[in-house]
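My questions will all concern the structure given below.
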Amino acid sequence: MKKKVTEDHPKKERKVTSGPIRDKERTKARMIAAVGKVIQKKGYHALNGPNIALECGLNKALIWNYFGGLDQLVEAYLTQKDFWQIGDKGVLEQMISNPTDIDVALVNELLKSQLNTFLKDKTKQKIIHWGLGEKTKALKNIADRREVLGEELFKHFDPKFEHSETDIRATLALLVSGIYYLSLQAKSTGSTFCGIDINTEEGKARIEKTVEKILKQAFADIDLSK
């Protein structure tokens with residue numbers, strides 16, 4: 001017997017699962033995901049309208065209708081995969097919103113997360129390779145945004161190191177780029193670097209321990225109250 005709809009038992013509204021806006025967003029998400037699949041299967045050199053359309057089963061004209069062009073679609077994908085904009089966002093946001101919280105432990109946590117992310121994520125590895133090998137508008141835009149975020153962090157770092165002999169920008173540049181290279185080299189060739197194999201837990205732990213030691217030395221003589 002059907003329940004009578006009363007004020008005490010109002011009829012539940014059906015959840016809207018479709019419509020122009022929802023359908024468009026789903027289509028855009030499929031297209032963005034297709035970029036990643038093309039990179040994984042065929043490499044970034046195969047990123048073109050026909051390949052992306054074939055991967056997601058949609059008309060390639062939608063790339064221009066929804067994103068304005070191939071570069072913009074690729075940039076949307078890269079934004080979702082960029083570690084410094086998306087990965088470990090909680091730590092980055094904490095640093096920016098609460099600069100007094102910035103200390104060795106927090107910076108070390110961020111760099112450790114970077115190392116582990118790039119050792120595991122094959123797509124991110126391919127993107128970094130791509131950025132080193134080619135110059136495209138999408139890659140430059142992502143790099144520029146990364147630098148804007150970096151400046152947000154450095155405006156809090158710089159005062160702390162104002163009277164220190166440590167060049168914190170150069171120190172972090174070497175640590176971050178070193179993590180990039182070691183991760184890519186380890187996964188591309190599978191070989192050791194300076195006899196250390198970071199594909200093993202023991203080798204990775206050695207790198208993590210040394211990064212932490214360098215950071216502790218850098219932060220040893222600064223004014224953390226600034």
Side-chain angles (χ1 to χ4, degrees), residues 78-79 81-121 124-125 127-136 138-189 191-198 202-226:
L78 293 175
T79 299
K81 297 297 290 184
D82 187 64
F83 174 82
W84 296 102
Q85 295 183 70
I86 303 299
D88 225 329
K89 197 172 182 180
V91 175
L92 290 168
E93 287 179 346
Q94 183 179 350
M95 287 181 171
I96 293 170
S97 59
N98 299 293
T100 55
D101 289 347
I102 296 175
D103 58 10
V104 172
L106 201 58
V107 179
N108 186 58
E109 181 183 346
L110 185 62
L111 296 187
K112 185 176 180 180
S113 177
Q114 182 203 359
L115 176 62
N116 283 292
T117 297
F118 280 93
L119 284 174
K120 294 175 182 176
D121 196 320
K124 283 187 172 63
Q125 295 164 17
I127 290 171
I128 297 301
H129 273 298
W130 184 15
L132 293 173
E134 286 190 15
K135 184 178 181 180
T136 71
L139 287 165
K140 185 179 186 304
N141 286 343
I142 295 298
D144 288 344
R145 283 187 211 160
R146 206 178 288 142
E147 282 298 294
V148 170
L149 176 60
E151 285 304 314
E152 277 294 305
L153 292 173
F154 280 122
K155 76 180 183 182
H156 300 306
F157 274 103
D158 289 341
K160 296 177 185 294
F161 288 85
E162 186 177 2
H163 302 294
S164 169
E165 293 183 0
T166 298
D167 185 336
I168 190 59
R169 288 178 180 246
T171 301
L172 289 175
L174 289 170
L175 289 176
V176 170
S177 61
I179 289 171
Y180 275 137
Y181 183 80
L182 287 173
S183 302
L184 295 177
Q185 192 267 350
K187 293 304 177 182
S188 296
T189 68
S191 62
T192 62
F193 193 88
C194 292
I196 300 174
D197 184 1
I198 65 170
E202 180 186 3
K204 183 164 70 73
R206 289 178 68 180
I207 298 300
E208 289 174 343
K209 183 177 180 180
T210 301
V211 167
E212 183 176 15
K213 183 176 181 179
I214 292 171
L215 288 173
K216 284 181 177 179
Q217 290 172 339
F219 277 76
D221 61 344
I222 68 168
D223 185 356
L224 289 172
S225 65
K226 289 187 178 182

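In this text, all values refer to a predicted model and were calculated from it rather than measured experimentally.
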Spatial distance of atom CG (L119) from atom CD1 (I198) [nearest 0.5 Å]: 4.5 Å
So how far is it from N141 CG to L78 CG, rounded to the nearest 0.5 Å?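 That separation rounds to 10.0 Å.
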Test side chain to side chain contact (heavy atoms under 4.5 Å, CB included) applied to Q114 and L110, step by step: CA-CA 6 Å; Q114 182 203 359; L110 185 62; over 6 Å; no
Distance to the ring centre below 6.0 angstrom and angle to the axis at most 45 degrees; does that hold for R169 and F154? yes
Within the side chain of K140, is there an N or O that forms a donor-acceptor pair under 3.5 Å with the backbone of K135? no
Rounded to the nearest 0.5 Å, how far apart are CG of L172 and CG of L153? 9.0 Å
Return yes when atom CD of E151 has more than 12 non-hydrogen atoms of other residues, nucleotides or ligands closer than 6.0 Å, and no otherwise.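 Enclosed: over 12 neighbouring heavy atoms sit under 6.0 Å from CD of E151.
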If I compare all heavy atoms of I127 with all of K81, which pair ends up nearest, and what's the gap?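 Answer, listing the atom of I127 first, then K81: CD1-CB, 3.8 Å.
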Pairwise distance CZ(F157) to OG1(T171) - rounded to 0.5 angstrom: 10.5 Å
Counting only heavy atoms from other residues, nucleotides and ligands, does the tally under 6.0 Å from NZ of K187 exceed 12? yes
Atom pair OG/CD of S191 and Q185 - distance to nearest 0.5 Å: 4.0 Å
Ion pair check, E202 and R206, cut-off under 4.0 Å: no
Within the structure provided, determine whether Q125 and D121 are in side-chain contact (heavy-atom separation under 4.5 Å). no
With no hydrogens and no angle check, just 3.5 Å: does a side-chain donor-acceptor pair link N108 and K216?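 The criterion, which ignores hydrogens and geometry beyond distance, is not satisfied for K216 and N108.
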In this structure, which one of T210, I168, D103, L111 forms a side-chain contact (heavy atoms from CB on, under 4.5 Å) with L215?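 Option passing the side-chain contact (heavy atoms from CB on, under 4.5 Å) with L215: L111.
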Closest contact, heavy atoms only, S183 versus L115: OG-CD1, 3.6 Å
Rounded to the nearest 0.5 Å, how far does NZ of K204 lie from CD1 of I207?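 If we round to the nearest 0.5 Å, I207:CD1 and K204:NZ are 11.0 Å apart.
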Go through it in stages, so that I can follow the logic: the residues are W130 and T136, the test is side chain to side chain contact (heavy atoms under 4.5 Å, CB included), and I'd like the CA-CA distance, side-chain angles, deciding distance and then a yes or no. CA-CA 9 Å; W130 184 15; T136 71; 4.2 Å; yes
Using every non-hydrogen atom in the two residues, find where K124 and F118 come nearest and quote the distance to one decimal. CB-CE2, 3.8 Å
